[in-house]
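Data block below; observations after.
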Number of protein chains: 2
Amino acid sequence: MDADPISSAEAGPARRDAERTRAEILEVAVSEFCEHGFDGTRVDAIAAKTRTTKRMIYYYFSSKEQLYVAALEFVYASIRSAEQEVDVAHLEPVAAIRRIAELTFDHHEAHPDFLRLITMENMHRARHIRQLSSLVSMNTPAVDRIATILERGRASGDFVRKIDAVDVHMLISSFCFFRVANQHTFGALFHRNLTDVALADHYRAMVGDLVVEYLTSDGDRTAPTVALAGPATRGAARRRARR
Amino acid sequence: MDADPISSAEAGPARRDAERTRAEILEVAVSEFCEHGFDGTRVDAIAAKTRTTKRMIYYYFSSKEQLYVAALEFVYASIRSAEQEVDVAHLEPVAAIRRIAELTFDHHEAHPDFLRLITMENMHRARHIRQLSSLVSMNTPAVDRIATILERGRASGDFVRKIDAVDVHMLISSFCFFRVANQHTFGALFHRNLTDVALADHYRAMVGDLVVEYLTSDGDRTAPTVALAGPATRGAARRRARR
DNA sequence: GTCCTAACGTACTAGATCGTTCATTGAGTG
DNA sequence: CACTCAATGAACGATCTAGTACGTTAGGAC
(Lines give C-alpha, C1' and ligand atoms only; values in the text may rest on other atoms or scores of the structure.)
Protein backbone atom coordinates (compact mmCIF):
# COMPACT_ATOMS: atom_id res chain seq x y z
CA MET A 1 0.00 0.00 0.00
CA ASP A 2 2.62 2.49 1.04
CA ALA A 3 4.87 1.18 -1.68
CA ASP A 4 2.49 2.18 -4.46
CA PRO A 5 4.64 4.26 -6.82
CA ILE A 6 1.73 5.56 -8.86
CA SER A 7 -0.15 6.97 -5.92
CA SER A 8 -3.20 9.09 -6.54
CA ALA A 9 -3.27 12.71 -5.43
CA GLU A 10 -4.77 11.70 -2.11
CA ALA A 11 -3.22 8.35 -1.34
CA GLY A 12 0.45 7.60 -1.16
CA PRO A 13 3.10 9.47 0.83
CA ALA A 14 5.23 10.11 -2.26
CA ARG A 15 7.92 11.96 -0.41
CA ARG A 16 10.15 14.45 -2.17
CA ASP A 17 7.86 15.10 -5.10
CA ALA A 18 8.09 18.77 -5.89
CA GLU A 19 5.55 18.72 -8.70
CA ARG A 20 2.96 16.93 -6.66
CA THR A 21 3.45 19.13 -3.60
CA ARG A 22 3.13 22.29 -5.63
CA ALA A 23 0.07 20.97 -7.44
CA GLU A 24 -1.62 19.93 -4.22
CA ILE A 25 -1.06 23.34 -2.65
CA LEU A 26 -2.52 25.01 -5.72
CA GLU A 27 -5.53 22.75 -5.76
CA VAL A 28 -6.34 23.39 -2.12
CA ALA A 29 -5.67 27.11 -2.53
CA VAL A 30 -8.21 27.31 -5.35
CA SER A 31 -10.94 25.75 -3.27
CA GLU A 32 -10.14 27.88 -0.22
CA PHE A 33 -9.96 31.16 -2.12
CA CYS A 34 -13.18 30.28 -3.95
CA GLU A 35 -14.94 29.61 -0.71
CA HIS A 36 -13.63 32.41 1.51
CA GLY A 37 -12.19 35.05 -0.77
CA PHE A 38 -8.70 36.48 -0.48
CA ASP A 39 -9.07 38.16 2.90
CA GLY A 40 -11.20 35.36 4.30
CA THR A 41 -8.71 32.65 3.41
CA ARG A 42 -6.11 31.57 5.98
CA VAL A 43 -2.75 30.38 4.79
CA ASP A 44 -2.67 28.04 7.76
CA ALA A 45 -5.99 26.58 6.66
CA ILE A 46 -4.62 25.86 3.21
CA ALA A 47 -1.56 24.23 4.72
CA ALA A 48 -3.70 22.09 7.02
CA LYS A 49 -5.63 20.69 4.08
CA THR A 50 -2.52 19.60 2.25
CA ARG A 51 -0.11 16.88 3.25
CA THR A 52 2.64 19.44 3.53
CA THR A 53 3.22 22.54 5.67
CA LYS A 54 2.86 26.28 5.44
CA ARG A 55 6.58 26.49 4.90
CA MET A 56 6.12 24.87 1.50
CA ILE A 57 3.49 27.39 0.45
CA TYR A 58 6.02 30.16 0.88
CA TYR A 59 8.74 28.01 -0.60
CA TYR A 60 6.79 27.65 -3.85
CA PHE A 61 4.64 30.78 -3.96
CA SER A 62 6.46 33.41 -1.89
CA SER A 63 3.35 35.13 -0.55
CA LYS A 64 -0.37 34.75 -0.02
CA GLU A 65 -1.03 37.21 -2.83
CA GLN A 66 1.17 35.42 -5.34
CA LEU A 67 -0.52 32.18 -4.41
CA TYR A 68 -3.85 33.85 -5.09
CA VAL A 69 -2.70 35.02 -8.50
CA ALA A 70 -1.38 31.54 -9.27
CA ALA A 71 -4.72 30.05 -8.26
CA LEU A 72 -6.54 32.51 -10.47
CA GLU A 73 -4.36 31.66 -13.42
CA PHE A 74 -4.63 27.95 -12.77
CA VAL A 75 -8.43 28.01 -12.73
CA TYR A 76 -8.56 30.12 -15.84
CA ALA A 77 -6.20 27.84 -17.70
CA SER A 78 -7.97 24.63 -16.70
CA ILE A 79 -11.35 26.07 -17.62
CA ARG A 80 -10.12 27.11 -20.99
CA SER A 81 -8.33 23.86 -21.76
CA ALA A 82 -11.45 21.92 -20.81
CA GLU A 83 -13.51 24.00 -23.16
CA GLN A 84 -13.63 22.00 -26.30
CA GLU A 85 -13.46 24.17 -29.35
CA VAL A 86 -16.94 23.52 -30.58
CA ASP A 87 -17.49 23.83 -34.26
CA VAL A 88 -20.53 25.87 -35.22
CA ALA A 89 -19.43 26.61 -38.76
CA HIS A 90 -21.81 23.99 -40.16
CA LEU A 91 -24.84 25.56 -38.48
CA GLU A 92 -27.08 28.26 -39.89
CA PRO A 93 -26.32 31.64 -38.26
CA VAL A 94 -29.45 31.56 -36.07
CA ALA A 95 -28.79 28.03 -34.89
CA ALA A 96 -25.10 28.82 -34.44
CA ILE A 97 -25.59 31.82 -32.19
CA ARG A 98 -28.16 29.89 -30.19
CA ARG A 99 -25.65 27.11 -29.78
CA ILE A 100 -23.06 29.60 -28.55
CA ALA A 101 -25.54 30.92 -26.03
CA GLU A 102 -26.35 27.43 -24.81
CA LEU A 103 -22.69 26.50 -24.55
CA THR A 104 -22.04 29.63 -22.53
CA PHE A 105 -24.97 28.72 -20.33
CA ASP A 106 -23.62 25.22 -19.71
CA HIS A 107 -20.17 26.60 -19.12
CA HIS A 108 -21.40 28.91 -16.38
CA GLU A 109 -23.49 26.16 -14.87
CA ALA A 110 -20.54 23.78 -14.80
CA HIS A 111 -18.04 26.16 -13.20
CA PRO A 112 -19.53 28.07 -10.27
CA ASP A 113 -16.11 28.30 -8.62
CA PHE A 114 -14.77 30.03 -11.67
CA LEU A 115 -17.58 32.57 -11.41
CA ARG A 116 -16.78 33.16 -7.76
CA LEU A 117 -13.18 33.99 -8.60
CA ILE A 118 -14.27 36.33 -11.39
CA THR A 119 -16.64 38.02 -8.98
CA MET A 120 -13.91 38.44 -6.41
CA GLU A 121 -11.64 39.92 -8.99
CA ASN A 122 -14.29 42.52 -9.73
CA MET A 123 -14.50 43.28 -6.03
CA HIS A 124 -10.76 43.89 -6.26
CA ARG A 125 -11.36 45.95 -9.37
CA ALA A 126 -9.37 43.41 -11.42
CA ARG A 127 -6.15 44.24 -9.61
CA HIS A 128 -4.74 40.73 -9.88
CA ILE A 129 -6.18 39.61 -13.18
CA ARG A 130 -4.56 42.54 -14.92
CA GLN A 131 -1.20 40.96 -14.09
CA LEU A 132 -2.16 37.95 -16.17
CA SER A 133 -1.95 39.37 -19.66
CA SER A 134 -2.06 35.84 -21.03
CA LEU A 135 -5.74 35.66 -20.14
CA VAL A 136 -6.63 38.28 -22.72
CA SER A 137 -5.56 36.05 -25.57
CA MET A 138 -7.63 33.23 -24.10
CA ASN A 139 -10.81 35.20 -24.58
CA THR A 140 -10.41 36.53 -28.07
CA PRO A 141 -11.33 33.22 -29.77
CA ALA A 142 -14.75 33.27 -28.12
CA VAL A 143 -15.45 36.75 -29.44
CA ASP A 144 -14.01 35.94 -32.83
CA ARG A 145 -16.35 33.00 -33.17
CA ILE A 146 -19.31 35.24 -32.47
CA ALA A 147 -18.02 37.82 -34.93
CA THR A 148 -17.91 35.20 -37.66
CA ILE A 149 -21.46 34.12 -36.98
CA LEU A 150 -22.64 37.73 -36.99
CA GLU A 151 -21.06 38.27 -40.39
CA ARG A 152 -22.66 35.17 -41.78
CA GLY A 153 -26.00 36.15 -40.30
CA ARG A 154 -25.88 39.60 -41.83
CA ALA A 155 -24.93 38.16 -45.19
CA SER A 156 -27.84 35.73 -45.09
CA GLY A 157 -30.23 38.43 -43.97
CA ASP A 158 -31.08 36.75 -40.69
CA PHE A 159 -29.39 39.30 -38.47
CA VAL A 160 -30.44 42.87 -39.01
CA ARG A 161 -29.48 44.26 -35.61
CA LYS A 162 -26.54 46.63 -35.58
CA ILE A 163 -24.29 45.29 -32.85
CA ASP A 164 -20.76 43.99 -32.50
CA ALA A 165 -19.50 40.66 -31.20
CA VAL A 166 -18.28 41.98 -27.86
CA ASP A 167 -21.75 43.24 -26.98
CA VAL A 168 -23.34 39.97 -28.03
CA HIS A 169 -20.88 38.14 -25.84
CA MET A 170 -21.70 40.50 -23.00
CA LEU A 171 -25.41 39.99 -23.48
CA ILE A 172 -25.13 36.23 -23.34
CA SER A 173 -22.68 36.26 -20.45
CA SER A 174 -24.73 38.66 -18.37
CA PHE A 175 -27.75 36.37 -18.34
CA CYS A 176 -25.77 33.21 -17.66
CA PHE A 177 -23.59 34.88 -15.07
CA PHE A 178 -26.40 36.47 -13.10
CA ARG A 179 -28.38 33.28 -12.88
CA VAL A 180 -25.53 31.45 -11.18
CA ALA A 181 -23.66 34.20 -9.37
CA ASN A 182 -26.69 35.95 -7.88
CA GLN A 183 -28.75 32.87 -7.20
CA HIS A 184 -28.54 33.26 -3.43
CA THR A 185 -29.79 36.81 -2.99
CA PHE A 186 -32.28 36.35 -5.81
CA GLY A 187 -33.60 33.22 -4.16
CA ALA A 188 -33.82 34.94 -0.81
CA LEU A 189 -35.62 37.99 -2.19
CA PHE A 190 -37.85 36.47 -4.88
CA HIS A 191 -38.28 32.89 -3.72
CA ARG A 192 -37.05 31.41 -6.93
CA ASN A 193 -34.19 28.97 -7.13
CA LEU A 194 -32.55 29.98 -10.40
CA THR A 195 -30.33 26.90 -10.38
CA ASP A 196 -33.12 24.41 -9.77
CA VAL A 197 -32.37 21.52 -12.12
CA ALA A 198 -36.02 21.49 -13.19
CA LEU A 199 -35.58 25.03 -14.51
CA ALA A 200 -32.28 24.53 -16.29
CA ASP A 201 -33.84 23.76 -19.66
CA HIS A 202 -36.19 26.71 -19.31
CA TYR A 203 -33.36 29.17 -18.74
CA ARG A 204 -31.11 27.60 -21.36
CA ALA A 205 -33.87 28.06 -23.92
CA MET A 206 -34.50 31.56 -22.63
CA VAL A 207 -30.98 32.82 -23.23
CA GLY A 208 -31.11 31.35 -26.74
CA ASP A 209 -34.45 32.97 -27.52
CA LEU A 210 -33.21 36.21 -26.09
CA VAL A 211 -30.17 36.59 -28.28
CA VAL A 212 -31.88 35.24 -31.39
CA GLU A 213 -34.87 37.55 -31.12
CA TYR A 214 -32.60 40.47 -30.44
CA LEU A 215 -30.33 39.84 -33.41
CA THR A 216 -33.13 39.05 -35.88
CA SER A 217 -34.96 42.30 -35.16
CA ASP A 218 -33.70 45.77 -35.90
CA GLY A 219 -35.52 47.67 -33.19
CA ASP A 220 -37.09 50.28 -35.43
CA ARG A 221 -40.51 49.31 -34.21
CA THR A 222 -39.69 49.75 -30.54
CA ALA A 223 -37.02 52.38 -30.47
CA PRO A 224 -39.07 55.45 -29.60
CA THR A 225 -39.87 55.01 -25.94
CA VAL A 226 -42.09 58.03 -25.85
CA ALA A 227 -44.24 56.99 -28.79
CA LEU A 228 -47.77 56.97 -27.46
CA ALA A 229 -49.71 55.65 -30.43
CA GLY A 230 -49.28 52.43 -32.23
CA PRO A 231 -47.54 49.73 -30.23
CA ALA A 232 -50.62 47.61 -29.70
CA THR A 233 -51.68 47.91 -33.32
CA ARG A 234 -48.21 47.24 -34.56
CA GLY A 235 -47.81 44.32 -32.24
CA ALA A 236 -51.02 42.79 -33.46
CA ALA A 237 -50.06 43.41 -37.06
CA ARG A 238 -46.77 41.69 -36.48
CA ARG A 239 -48.37 38.62 -35.05
CA ARG A 240 -50.69 38.35 -38.00
CA ALA A 241 -47.84 38.76 -40.41
CA ARG A 242 -45.93 35.93 -38.81
CA ARG A 243 -48.63 33.34 -39.10
CA MET B 1 -18.74 77.74 14.84
CA ASP B 2 -18.49 75.21 17.59
CA ALA B 3 -21.77 76.49 18.97
CA ASP B 4 -23.70 75.56 15.86
CA PRO B 5 -26.56 73.42 17.13
CA ILE B 6 -27.59 72.20 13.67
CA SER B 7 -24.19 70.91 12.71
CA SER B 8 -23.85 68.88 9.57
CA ALA B 9 -22.68 65.29 9.74
CA GLU B 10 -19.10 66.39 9.25
CA ALA B 11 -18.88 69.71 11.03
CA GLY B 12 -19.80 70.37 14.65
CA PRO B 13 -18.58 68.44 17.67
CA ALA B 14 -22.13 67.85 18.88
CA ARG B 15 -21.10 65.93 21.94
CA ARG B 16 -23.44 63.43 23.51
CA ASP B 17 -25.58 62.92 20.42
CA ALA B 18 -26.47 59.25 20.31
CA GLU B 19 -28.38 59.45 17.04
CA ARG B 20 -25.63 61.25 15.25
CA THR B 21 -22.89 58.97 16.55
CA ARG B 22 -24.79 55.87 15.55
CA ALA B 23 -25.57 57.31 12.13
CA GLU B 24 -21.98 58.29 11.51
CA ILE B 25 -20.72 54.84 12.41
CA LEU B 26 -23.24 53.29 10.06
CA GLU B 27 -22.34 55.62 7.23
CA VAL B 28 -18.64 54.89 7.52
CA ALA B 29 -19.31 51.18 7.95
CA VAL B 30 -21.24 51.11 4.68
CA SER B 31 -18.39 52.66 2.73
CA GLU B 32 -15.76 50.45 4.34
CA PHE B 33 -17.69 47.22 3.85
CA CYS B 34 -18.47 48.22 0.27
CA GLU B 35 -14.84 48.81 -0.44
CA HIS B 36 -13.15 45.95 1.40
CA GLY B 37 -15.82 43.34 2.03
CA PHE B 38 -16.61 41.82 5.40
CA ASP B 39 -13.30 40.07 6.01
CA GLY B 40 -11.28 42.85 4.46
CA THR B 41 -12.82 45.55 6.63
CA ARG B 42 -11.12 46.49 9.90
CA VAL B 43 -13.22 47.65 12.81
CA ASP B 44 -10.36 49.93 13.83
CA ALA B 45 -10.40 51.46 10.36
CA ILE B 46 -14.09 52.25 10.66
CA ALA B 47 -13.54 53.80 14.08
CA ALA B 48 -10.67 55.90 12.79
CA LYS B 49 -12.87 57.41 10.10
CA THR B 50 -15.53 58.49 12.55
CA ARG B 51 -15.26 61.14 15.21
CA THR B 52 -15.84 58.53 17.86
CA THR B 53 -14.02 55.38 18.98
CA LYS B 54 -14.22 51.67 18.47
CA ARG B 55 -15.86 51.39 21.85
CA MET B 56 -18.95 53.07 20.42
CA ILE B 57 -19.18 50.62 17.55
CA TYR B 58 -19.56 47.80 20.01
CA TYR B 59 -21.78 49.92 22.22
CA TYR B 60 -24.28 50.38 19.40
CA PHE B 61 -23.80 47.31 17.24
CA SER B 62 -22.37 44.60 19.54
CA SER B 63 -20.21 42.92 16.90
CA LYS B 64 -18.61 43.36 13.54
CA GLU B 65 -21.11 40.98 12.00
CA GLN B 66 -24.14 42.78 13.39
CA LEU B 67 -22.70 46.04 12.15
CA TYR B 68 -22.39 44.46 8.74
CA VAL B 69 -26.02 43.35 8.79
CA ALA B 70 -27.09 46.82 9.90
CA ALA B 71 -25.09 48.35 7.06
CA LEU B 72 -26.71 45.99 4.60
CA GLU B 73 -30.17 46.87 5.82
CA PHE B 74 -29.39 50.59 5.85
CA VAL B 75 -28.22 50.59 2.25
CA TYR B 76 -31.20 48.57 1.14
CA ALA B 77 -33.62 50.87 2.90
CA SER B 78 -32.07 54.07 1.60
CA ILE B 79 -31.97 52.73 -1.94
CA ARG B 80 -35.58 51.76 -1.77
CA SER B 81 -36.76 55.02 -0.23
CA ALA B 82 -34.88 56.96 -2.87
CA GLU B 83 -36.55 54.97 -5.60
CA GLN B 84 -39.49 57.05 -6.63
CA GLU B 85 -42.52 54.97 -7.40
CA VAL B 86 -42.62 55.71 -11.07
CA ASP B 87 -45.98 55.52 -12.70
CA VAL B 88 -46.03 53.55 -15.93
CA ALA B 89 -49.78 52.90 -15.95
CA HIS B 90 -50.35 55.59 -18.55
CA LEU B 91 -47.89 54.01 -20.97
CA GLU B 92 -48.61 51.41 -23.59
CA PRO B 93 -47.34 47.97 -22.48
CA VAL B 94 -44.34 48.04 -24.82
CA ALA B 95 -43.33 51.52 -23.76
CA ALA B 96 -44.01 50.67 -20.12
CA ILE B 97 -41.76 47.61 -20.00
CA ARG B 98 -39.05 49.52 -21.81
CA ARG B 99 -39.34 52.25 -19.24
CA ILE B 100 -38.99 49.70 -16.44
CA ALA B 101 -35.87 48.36 -18.11
CA GLU B 102 -34.41 51.83 -18.43
CA LEU B 103 -35.22 52.70 -14.84
CA THR B 104 -33.54 49.51 -13.68
CA PHE B 105 -30.56 50.41 -15.82
CA ASP B 106 -30.31 53.86 -14.27
CA HIS B 107 -30.80 52.41 -10.82
CA HIS B 108 -27.85 50.06 -11.24
CA GLU B 109 -25.74 52.80 -12.73
CA ALA B 110 -26.50 55.12 -9.82
CA HIS B 111 -25.78 52.66 -7.02
CA PRO B 112 -22.57 50.72 -7.62
CA ASP B 113 -22.01 50.38 -3.87
CA PHE B 114 -25.36 48.69 -3.54
CA LEU B 115 -24.32 46.20 -6.21
CA ARG B 116 -21.08 45.50 -4.39
CA LEU B 117 -22.98 44.62 -1.23
CA ILE B 118 -25.35 42.37 -3.15
CA THR B 119 -22.37 40.67 -4.73
CA MET B 120 -20.74 40.13 -1.36
CA GLU B 121 -23.90 38.66 -0.01
CA ASN B 122 -23.87 36.14 -2.82
CA MET B 123 -20.28 35.29 -1.95
CA HIS B 124 -21.62 34.62 1.55
CA ARG B 125 -24.45 32.63 0.01
CA ALA B 126 -26.95 35.18 1.33
CA ARG B 127 -26.20 34.23 4.92
CA HIS B 128 -26.81 37.74 6.27
CA ILE B 129 -29.52 38.97 3.95
CA ARG B 130 -31.71 36.06 4.90
CA GLN B 131 -31.90 37.55 8.38
CA LEU B 132 -33.54 40.63 6.93
CA SER B 133 -36.96 39.31 6.06
CA SER B 134 -38.16 42.88 5.65
CA LEU B 135 -36.21 43.11 2.41
CA VAL B 136 -38.46 40.58 0.74
CA SER B 137 -41.46 42.86 0.97
CA MET B 138 -39.37 45.66 -0.51
CA ASN B 139 -38.92 43.77 -3.74
CA THR B 140 -42.40 42.54 -4.41
CA PRO B 141 -43.69 45.91 -5.72
CA ALA B 142 -41.10 45.87 -8.49
CA VAL B 143 -42.21 42.43 -9.63
CA ASP B 144 -45.88 43.30 -9.23
CA ARG B 145 -45.44 46.29 -11.49
CA ILE B 146 -43.93 44.10 -14.17
CA ALA B 147 -46.73 41.55 -13.73
CA THR B 148 -49.32 44.25 -14.37
CA ILE B 149 -47.58 45.37 -17.52
CA LEU B 150 -47.31 41.80 -18.74
CA GLU B 151 -51.04 41.30 -18.25
CA ARG B 152 -51.85 44.47 -20.13
CA GLY B 153 -49.45 43.50 -22.86
CA ARG B 154 -51.00 40.10 -23.29
CA ALA B 155 -54.47 41.59 -23.36
CA SER B 156 -53.48 44.07 -26.05
CA GLY B 157 -51.76 41.37 -28.05
CA ASP B 158 -48.33 43.00 -27.85
CA PHE B 159 -46.76 40.35 -25.64
CA VAL B 160 -47.02 36.82 -26.90
CA ARG B 161 -44.09 35.33 -25.02
CA LYS B 162 -44.96 32.90 -22.25
CA ILE B 163 -42.99 34.15 -19.27
CA ASP B 164 -43.70 35.37 -15.77
CA ALA B 165 -42.78 38.64 -14.10
CA VAL B 166 -39.97 37.22 -11.98
CA ASP B 167 -38.13 35.99 -15.06
CA VAL B 168 -38.60 39.33 -16.81
CA HIS B 169 -37.19 41.05 -13.76
CA MET B 170 -34.29 38.63 -13.77
CA LEU B 171 -33.65 39.22 -17.43
CA ILE B 172 -33.52 42.97 -17.05
CA SER B 173 -31.49 42.84 -13.84
CA SER B 174 -28.94 40.43 -15.25
CA PHE B 175 -27.98 42.77 -18.06
CA CYS B 176 -27.85 45.88 -15.89
CA PHE B 177 -26.05 44.09 -13.08
CA PHE B 178 -23.38 42.50 -15.21
CA ARG B 179 -22.52 45.71 -16.97
CA VAL B 180 -21.70 47.46 -13.69
CA ALA B 181 -20.57 44.63 -11.44
CA ASN B 182 -18.28 42.90 -13.93
CA GLN B 183 -16.96 45.98 -15.63
CA HIS B 184 -13.43 45.49 -14.31
CA THR B 185 -12.71 41.96 -15.46
CA PHE B 186 -14.65 42.55 -18.66
CA GLY B 187 -12.62 45.66 -19.35
CA ALA B 188 -9.38 43.85 -18.61
CA LEU B 189 -10.22 40.87 -20.82
CA PHE B 190 -12.10 42.49 -23.70
CA HIS B 191 -10.80 46.04 -23.71
CA ARG B 192 -14.22 47.60 -23.46
CA ASN B 193 -15.19 49.99 -20.70
CA LEU B 194 -18.82 49.03 -20.13
CA THR B 195 -19.41 52.07 -17.96
CA ASP B 196 -17.96 54.59 -20.36
CA VAL B 197 -20.38 57.53 -20.28
CA ALA B 198 -20.30 57.65 -24.07
CA LEU B 199 -21.76 54.14 -24.13
CA ALA B 200 -24.45 54.63 -21.50
CA ASP B 201 -27.18 55.50 -23.98
CA HIS B 202 -26.19 52.61 -26.17
CA TYR B 203 -26.54 50.08 -23.36
CA ARG B 204 -29.68 51.66 -21.96
CA ALA B 205 -31.33 51.33 -25.38
CA MET B 206 -29.96 47.81 -25.67
CA VAL B 207 -31.62 46.49 -22.51
CA GLY B 208 -34.89 48.07 -23.64
CA ASP B 209 -34.69 46.52 -27.10
CA LEU B 210 -33.74 43.23 -25.57
CA VAL B 211 -36.75 42.84 -23.33
CA VAL B 212 -39.20 44.29 -25.85
CA GLU B 213 -38.09 42.03 -28.67
CA TYR B 214 -38.17 39.05 -26.37
CA LEU B 215 -41.68 39.71 -25.08
CA THR B 216 -43.17 40.60 -28.45
CA SER B 217 -42.00 37.37 -30.06
CA ASP B 218 -43.12 33.89 -29.16
CA GLY B 219 -40.02 31.97 -30.11
CA ASP B 220 -41.75 29.42 -32.32
CA ARG B 221 -39.57 30.44 -35.20
CA THR B 222 -36.31 29.85 -33.40
CA ALA B 223 -37.08 27.17 -30.85
CA PRO B 224 -35.68 24.12 -32.59
CA THR B 225 -31.94 24.53 -32.28
CA VAL B 226 -31.22 21.50 -34.38
CA ALA B 227 -33.41 22.55 -37.30
CA LEU B 228 -31.12 22.66 -40.27
CA ALA B 229 -33.41 24.08 -42.91
CA GLY B 230 -35.30 27.28 -42.79
CA PRO B 231 -33.81 29.88 -40.48
CA ALA B 232 -32.37 32.02 -43.24
CA THR B 233 -35.52 31.79 -45.32
CA ARG B 234 -37.75 32.47 -42.38
CA GLY B 235 -35.58 35.35 -41.31
CA ALA B 236 -35.83 36.90 -44.71
CA ALA B 237 -39.56 36.29 -44.79
CA ARG B 238 -39.93 37.96 -41.46
CA ARG B 239 -38.08 41.05 -42.57
CA ARG B 240 -40.25 41.35 -45.61
CA ALA B 241 -43.39 40.92 -43.58
CA ARG B 242 -42.39 43.72 -41.27
CA ARG B 243 -41.92 46.32 -43.97
C1' DG C 1 30.40 5.98 0.55
C1' DT C 2 30.28 11.00 0.79
C1' DC C 3 28.84 15.21 -0.89
C1' DC C 4 25.59 18.40 -2.44
C1' DT C 5 21.41 20.53 -2.84
C1' DA C 6 16.47 20.62 -3.57
C1' DA C 7 12.75 19.58 -0.71
C1' DC C 8 10.80 19.64 3.61
C1' DG C 9 9.31 20.31 8.88
C1' DT C 10 9.21 22.61 13.55
C1' DA C 11 8.96 26.29 16.05
C1' DC C 12 8.85 30.90 16.36
C1' DT C 13 7.99 36.22 15.91
C1' DA C 14 6.11 40.64 15.14
C1' DG C 15 2.26 42.82 14.36
C1' DA C 16 -2.54 42.98 13.51
C1' DT C 17 -7.36 42.49 15.05
C1' DC C 18 -11.69 41.73 17.48
C1' DG C 19 -13.53 42.63 21.53
C1' DT C 20 -13.42 44.21 26.63
C1' DT C 21 -12.41 46.60 31.06
C1' DC C 22 -12.68 50.39 33.67
C1' DA C 23 -13.02 54.97 34.47
C1' DT C 24 -15.26 59.45 33.11
C1' DT C 25 -18.29 62.92 31.40
C1' DG C 26 -22.32 65.39 30.26
C1' DA C 27 -27.29 66.13 29.94
C1' DG C 28 -31.53 65.81 31.82
C1' DT C 29 -34.46 65.42 36.33
C1' DG C 30 -36.36 66.45 40.67
C1' DC D 1 -27.58 71.58 43.19
C1' DA D 2 -27.19 66.70 43.66
C1' DC D 3 -28.13 62.52 41.37
C1' DT D 4 -28.50 59.23 37.78
C1' DC D 5 -27.50 56.96 33.84
C1' DA D 6 -26.81 57.03 28.89
C1' DA D 7 -22.92 58.07 26.27
C1' DT D 8 -18.11 58.16 25.78
C1' DG D 9 -12.84 57.43 25.72
C1' DA D 10 -8.19 55.32 26.69
C1' DA D 11 -5.91 51.52 27.18
C1' DC D 12 -5.51 46.75 27.36
C1' DG D 13 -5.67 41.56 26.34
C1' DA D 14 -6.24 37.24 24.13
C1' DT D 15 -5.98 35.39 19.95
C1' DC D 16 -5.01 35.07 15.28
C1' DT D 17 -2.11 35.47 11.17
C1' DA D 18 1.36 36.27 7.52
C1' DG D 19 5.72 35.33 7.13
C1' DT D 20 10.58 33.52 8.80
C1' DA D 21 14.79 31.25 11.06
C1' DC D 22 16.91 27.31 11.35
C1' DG D 23 17.60 22.69 11.24
C1' DT D 24 16.77 18.01 8.80
C1' DT D 25 16.22 14.60 5.17
C1' DA D 26 16.08 12.32 0.85
C1' DG D 27 17.96 11.23 -3.43
C1' DG D 28 21.03 11.70 -7.14
C1' DA D 29 26.09 12.49 -8.84
C1' DC D 30 30.52 10.67 -8.89
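By convention in this document, chain letters (A, B, ...) are assigned in the order of the sequence lines, proteins followed by strands, and residues within each chain are numbered from 1.
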Exercise. When you measure from the side chain of T50(B) to the backbone N and O of I25(B), does any donor-acceptor pair fall under 3.5 Å?
Worked result: no
Problem set entry | Any T53(B) side-chain nitrogen or oxygen under 4.0 Å from OP1 or OP2 of dA10(D) | no
Problem set entry | Closest to the R55(B) side chain, choosing from dA7(D), dG9(C), dT21(C) | dT21(C)
Seminar exercise, completed: By salt bridge (Lys or Arg N to Asp or Glu O under 4.0 Å), D113(B) pairs with (sequence neighbours left out) none
Problem set entry | Candidate nucleotides dC8(C), dC18(C), dG9(D), ranked by approach to the side chain of M56(B) - the nearest | dG9(D)
Problem set entry | Phosphate contact (dG9(C) OP1 or OP2) by T52(A) side-chain N/O below 4.0 Å | yes
Seminar exercise, completed: Ordered by number, residues from residues 66-74 of chain B within less than 4.0 Å of DNA chain D (heavy atoms) are none
For this session: Would you kindly give the OH-to-C1' distance between Y58(A) and dA6(C), to the nearest whole Å?
Result: 21 Å
Exercise. Within the pair T21(A) and dA7(C), is there a side-chain N or O less than 4.0 Å away from OP1 or OP2?
Worked result: no
For this session: Please work out which of the three classes, parallel, tilted or perpendicular, describes the rings of F38(A) and H128(A), given edges at 30° and 60°.
Result: tilted
For this session: Check the distance between dG28(C)'s P and D17(B)'s CG and give it to me in whole angstrom.
Result: 11 Å
For this session: Could you tell me whether R42(A) and E32(A) have a side-chain N and a carboxylate O separated by less than 4.0 Å?
Result: no
For this session: Rounded off to whole Å, could you give me the CG-to-C1' distance for the D44(B) and dA10(D) pair?
Result: 13 Å
Seminar exercise, completed: In numerical order, the residues of residues 28-43 of chain B whose heavy atoms come under 4.0 Å of DNA chain C are T41(B), R42(B), V43(B)
Problem set entry | Interatomic distance where CD1 belongs to I57(A) and P belongs to dA18(D) [whole Å] | 10 Å
Exercise. Sequence neighbours excluded, which residues qualify as salt bridge (Lys or Arg N to Asp or Glu O under 4.0 Å) partners of D164(A)?
Worked result: R192(B)
For this session: Would you mind listing every ring pair (Phe, Tyr, Trp, His ring centres under 6.0 Å) that reaches into residues 188-207 of chain A, with sequence neighbours excluded?
Result: F186(A)-F190(A), F190(A)-H169(B)
Exercise. How close or far is atom P of dT24(D) from atom OH of Y59(A), stated in whole angstroms?
Worked result: 18 Å
Seminar exercise, completed: Separation of dG9(C) atom P from R51(A) atom CZ, nearest Å, is 11 Å
Problem set entry | By salt bridge (Lys or Arg N to Asp or Glu O under 4.0 Å) - contacts of K54(A) (at least two apart) | D44(A)
Problem set entry | Nearest-nucleotide 5' precedence on DNA chain C, Y60(A) against K54(A) | Y60(A)
Exercise. Does H184(B) reach the side chain of E121(A), with side-chain heavy atoms less than 4.5 Å apart?
Worked result: no
Exercise. To the side chain of A18(B), which of dA7(C), dG19(D), dA7(D) is closest?
Worked result: dA7(D)
Exercise. Distance-only, no hydrogens or angles: does the Q183(A) side chain make a donor-acceptor pair with backbone N or O of V180(A) under 3.5 Å?
Worked result: yes
